[in-house]
Peer 1: 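The structure's right below; bear with me while I get my questions together.
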Protein chains: 2
Amino acid sequence: MRILLVEDDPMVADGIREGLEKAGFAVDHTAAAEPAESALALTHYDLAIVDIGLPRMDGHELIRRLRRRAIEVPILILTARDGLDDRVIGLDLGADDYMVKPFHLPELLARLRALIRRSRSATTSELSAGSLRLDLARRTASSRGAPLELTGREWEILQQLMLATPNVVDKQKTVESLSEWDKELTTNAVEIYISRLRTKLQGCGVEIRTIRGIGYRLDEILLA
Amino acid sequence: MRILLVEDDPMVADGIREGLEKAGFAVDHTAAAEPAESALALTHYDLAIVDIGLPRMDGHELIRRLRRRAIEVPILILTARDGLDDRVIGLDLGADDYMVKPFHLPELLARLRALIRRSRSATTSELSAGSLRLDLARRTASSRGAPLELTGREWEILQQLMLATPNVVDKQKTVESLSEWDKELTTNAVEIYISRLRTKLQGCGVEIRTIRGIGYRLDEILLA
DNA sequence: TGGACGCTTACATTTGCCTGACAGTGGCGG
DNA sequence: CCGCCACTGTCAGGCAAATGTAAGCGTCCA
């Protein structure tokens with residue numbers, strides 16, 4: 001997991017870098033947009049974190065130029081508290097998510113992981129969480145090398161959960177996505193598959209949590 | 001991953017459908033705009049693929065009507081080779097991407113995935129006060145990176161308070177917003193949830209102030 | 001100081017979720 | 001064509017969390 005951090009404030013940059021490295025990411029850092037552009041053009045990064053307020057060429061301009069050159073790396077932008085417009089503009093230009101400064105590191109980490117996961121599903125059609133791996137194209141799942149036998153429904157629901165993490169999957173939407181055109185389905189059906197999935201997912205370093213009245217969320221289990 | 005395909009040519013439709021299903025998408029198909037509109041209004045789709053040249057109501061009209069009804073599903077339009085204007089008009093009306101016929105399936109798949117990814121990640125909306133953060137889309141609350149477990153009612157009330165700060169939230173209005181259509185509720189219920197929220201919000205740099213006879217107000221605590 | 005309002009604890013009720021048992025369905029091999 | 005699967009989804013009992021009522025106490029203000 002390699003990340004490029006584009007941030008001109010040395011204090012902030014060091015803080016973020018340290019946190020990311022502790023979490024197991026490899027971090028490269030530039031203080032300005034121009035070297036960032038070359039770095040992204042030359043090497044592969046799994047993600048770029050871009051501060052909007054940069055000297056000379058600002059973050060927006062950087063994003064615009066990258067996208068124009070069809071560099072598809074996922075981008076997370078950092079904005080000041082009151083920069084509502086910054087976020088909107090940034091997302092329009094092709095950024096994928098944003099964080100408002102000051103922020104807490106665990107939240108940043110969660111978002112990074114989510115972004116990387118999604119971008120992988122867009123290109124390689126593989127997803128992973130804990131020791132669990134899904135191959136969307138082949139429709140297979142495995143954990144620690146051992147294949148998991150999943151039925152059609154189980155697969156469908158697990159896929160939704162994996163694509164959404166760490167967000168909540170709405171139970172009602174899940175019901176609809178399982179339903180065919182007119183056929184109605186009780187929410188209980190979903191509960192059943194969740195139940196069956198839970199037993200199959202034991203030992204996969206992953207847990208399906210119930211959000212009462214809303215739906216379910218897939219969490220990675222952090223080892224003690 | 002559920003996709004609605006709106007395409008009147010049966011040959012083309014079958015080809016696309018087959019390719020999408022092989023890639024793991026669930027595909028529903030309509031040959032005209034009217035049933036597509038109802039389908040999109042009734043159920044959740046992750047994406048809609050709309051052919052511009054449809055009998056009776058054309059694709060542009062469909063998109064216009066959908067967006068007018070605030071149906072936010074990502075839309076990819078299919079246009080004929082020479083329909084340059086079609087693309088421009090379509091994108092202006094609120095489509096998210098286009099493909100020119102004839103096209104290669106892998107490219108279509110790549111674009112679909114990119115669109116779905118974008119629509120998922122760009123929908124964050126959050127509120128913050130003190131060290132407290134609410135993510136309205138995810139329905140989660142956190143403080144300093146640590147998630148807060150909130151029940152439905154607690155969430156509802158906290159959200160009202162956060163949206164209102166620094167203004168006062170009228171207690172009577174809160175009662176009404178919690179009450180179902182006919183069900184009466186005592187103001188005491190609100191007091192209970194305020195009480196429970198207060199204990200959960202300790203250490204979040206935030207305080208719920210009582211305005212006697214009126215309601216409550218959320219204040220940030222200024223550190224000494 | 002009294003009364004209205006608000007806070008909090010205890011508890012009963014309601015709601016939503018989990019899961020075992022079982023029936024319907026369709027594919028497949030004999 | 002039949003029986004054997006695997007898969008799907010309904011039902012119903014049990015359970016736990018969430019909700020809201022009642023009641024006792026604290027607090028504010030006239």
Side-chain angles (χ1 to χ4, degrees), chain A residues 139-141 147-161 168-202 206-219, chain B residues 2 21 24 26 43 139-141 147-161 164 168-202 206-219:
Chain A
R139 203 186 166 84
T140 56
L148 277 180
E149 300 289 343
L150 296 178
T151 71
R153 294 303 206 210
E154 287 165 1
W155 168 267
E156 197 70 25
I157 290 176
L158 182 56
Q159 182 186 339
Q160 287 192 20
L161 286 167
V168 178
V169 173
D170 186 272
K171 193 197 259 184
Q172 203 52 47
K173 289 203 176 138
T174 304
V175 170
E176 286 168 13
S177 80
L178 293 185
S179 305
E180 291 303 318
W181 275 102
D182 38 15
K183 202 172 184 180
E184 289 293 320
L185 212 54
T186 62
T187 60
N188 187 293
V190 174
E191 288 156 20
I192 294 232
Y193 289 110
I194 292 291
S195 170
R196 289 174 186 161
L197 268 177
R198 277 182 177 142
T199 70
K200 289 195 181 181
L201 292 183
Q202 270 168 14
V206 131
E207 183 190 13
I208 301 177
R209 296 193 61 184
T210 303
I211 315 299
R212 220 184 145 80
I214 307 290
Y216 300 91
R217 184 182 60 212
L218 190 80
D219 286 355
Chain B
R2 201 164 176 203
E21 285 178 346
T43 29
R139 215 207 86 117
T140 56
L148 279 181
E149 301 288 345
L150 296 178
T151 71
R153 293 295 201 229
E154 287 164 1
W155 167 263
E156 201 74 23
I157 290 176
L158 181 56
Q159 185 182 332
Q160 285 190 22
L161 285 167
V168 178
V169 173
D170 186 272
K171 192 197 265 184
Q172 205 51 47
K173 291 221 172 111
T174 304
V175 171
E176 286 165 16
S177 80
L178 292 187
S179 305
E180 293 301 320
W181 294 343
D182 40 14
K183 206 173 184 178
E184 292 291 321
L185 211 56
T186 61
T187 61
N188 185 294
V190 174
E191 288 155 18
I192 293 205
Y193 288 110
I194 292 292
S195 167
R196 289 177 186 158
L197 269 177
R198 278 180 176 144
T199 71
K200 288 194 181 181
L201 292 183
Q202 271 167 15
V206 131
E207 186 188 12
I208 300 177
R209 279 256 165 79
T210 304
I211 314 299
R212 233 181 134 77
I214 309 288
Y216 300 91
R217 184 184 62 210
L218 191 78
D219 287 355

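Lettering of chains follows the sequences in order, A, B, ..., and the numbering in each one begins at 1. Fair warning: this is a prediction, and the values are worked out from it, not measured in the lab.
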Peer 1: Base, backbone or nothing for each nucleotide of nucleotides 20-27 of chain D, written B, S, -, heavy atoms under 4.0 angstrom, 5' to 3'?
Peer 2: BBBB----

Peer 1: Starting from C1' on D:dA17, measure out to CD1 on A:Ile211 and report it in whole angstrom.
Peer 2: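 So the CD1-C1' distance, A:Ile211 to D:dA17, works out to 13 Å.
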
Peer 1: Applying side-chain contact (heavy atoms from CB on, under 4.5 Å), name anything that partners A:Arg196, two or more places apart in sequence or on another chain.
Peer 2: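 Partners of A:Arg196 under the side-chain contact (heavy atoms from CB on, under 4.5 Å) test: A:Glu154, A:Ile192, A:Tyr193.
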
Peer 1: Take the protein atom CD of B:Glu191 and the nucleotide atom P of D:dT19, then report the distance between them rounded to whole Å.
Peer 2: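 After rounding, the reported distance stands at 17 Å.
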
Peer 1: Rounding to an integer number of Å, can you tell me how far B:Ile194 CD1 sits from D:dT19 C1'?
Peer 2: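 Computing the B:Ile194:CD1 to D:dT19:C1' distance gives 15 Å.
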
Peer 1: Going by the rule side-chain hydrogen bond (donor to acceptor under 3.5 Å, both in side chains), which residues pair with A:Arg198 if we only count those two or more places apart in sequence or in a different chain?
Peer 2: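 Scan of A:Arg198 (side-chain hydrogen bond (donor to acceptor under 3.5 Å, both in side chains), adjacent residues dropped) gives A:Thr210.
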
Peer 1: Got a sec, which residues hit side-chain contact (heavy atoms from CB on, under 4.5 Å) with B:Ser195, two or more places apart in sequence or on another chain?
Peer 2: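 Scan of B:Ser195 (side-chain contact (heavy atoms from CB on, under 4.5 Å), adjacent residues dropped) gives none.
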
Peer 1: Rounded to whole Å, please give me the gap between CZ in A:Arg209 and P in D:dA17.
Peer 2: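 Taking CZ of A:Arg209 and P of D:dA17, I get 12 Å after rounding.
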
Peer 1: Want to settle it: does B:Thr187 or A:Lys171 sit nearer the 5' end of DNA chain C, counting the closest nucleotide to each?
Peer 2: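 First, find each residue's nearest nucleotide; the 5'-ward one identifies B:Thr187.
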
Peer 1: Taking side-chain contact (heavy atoms from CB on, under 4.5 Å) as the test, write out the residues that go with A:Lys173, two or more places apart.
Peer 2: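 side-chain contact (heavy atoms from CB on, under 4.5 Å) check on A:Lys173 returns A:Asp170, B:His44.
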
Peer 1: Is the shortest side-chain heavy-atom distance between A:Leu150 and A:Thr140 below 4.5 Å?
Peer 2: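 Of all side-chain heavy-atom pairs linking A:Thr140 with A:Leu150, none is under 4.5 Å.
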
Peer 1: Looking at residues at least two apart in the chain, or sitting in another chain, which of them share a side-chain hydrogen bond (donor to acceptor under 3.5 Å, both in side chains) with B:Gln160?
Peer 2: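 Per chain and number, B:Gln160 pairs via side-chain hydrogen bond (donor to acceptor under 3.5 Å, both in side chains) with B:Thr174, B:Ser177.
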
Peer 1: For A:Ile211, what residues pass the side-chain contact (heavy atoms from CB on, under 4.5 Å) criterion, not counting sequence neighbours?
Peer 2: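 side-chain contact (heavy atoms from CB on, under 4.5 Å) check on A:Ile211 returns A:Val168, A:Ile214, A:Arg217.
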
Peer 1: Who pairs with A:Arg209 by side-chain hydrogen bond (donor to acceptor under 3.5 Å, both in side chains), at least two apart in sequence or on another chain?
Peer 2: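 Checked A:Arg209 against side-chain hydrogen bond (donor to acceptor under 3.5 Å, both in side chains); matches are B:Glu149.
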
Peer 1: Heavy atoms of chain B, cut-off under 4.0 Å: which first and last nucleotide of DNA chain C, 5' to 3', fall inside that, if you could look?
Peer 2: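 First and last nucleotides in contact are C:dA4 to C:dT9.
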
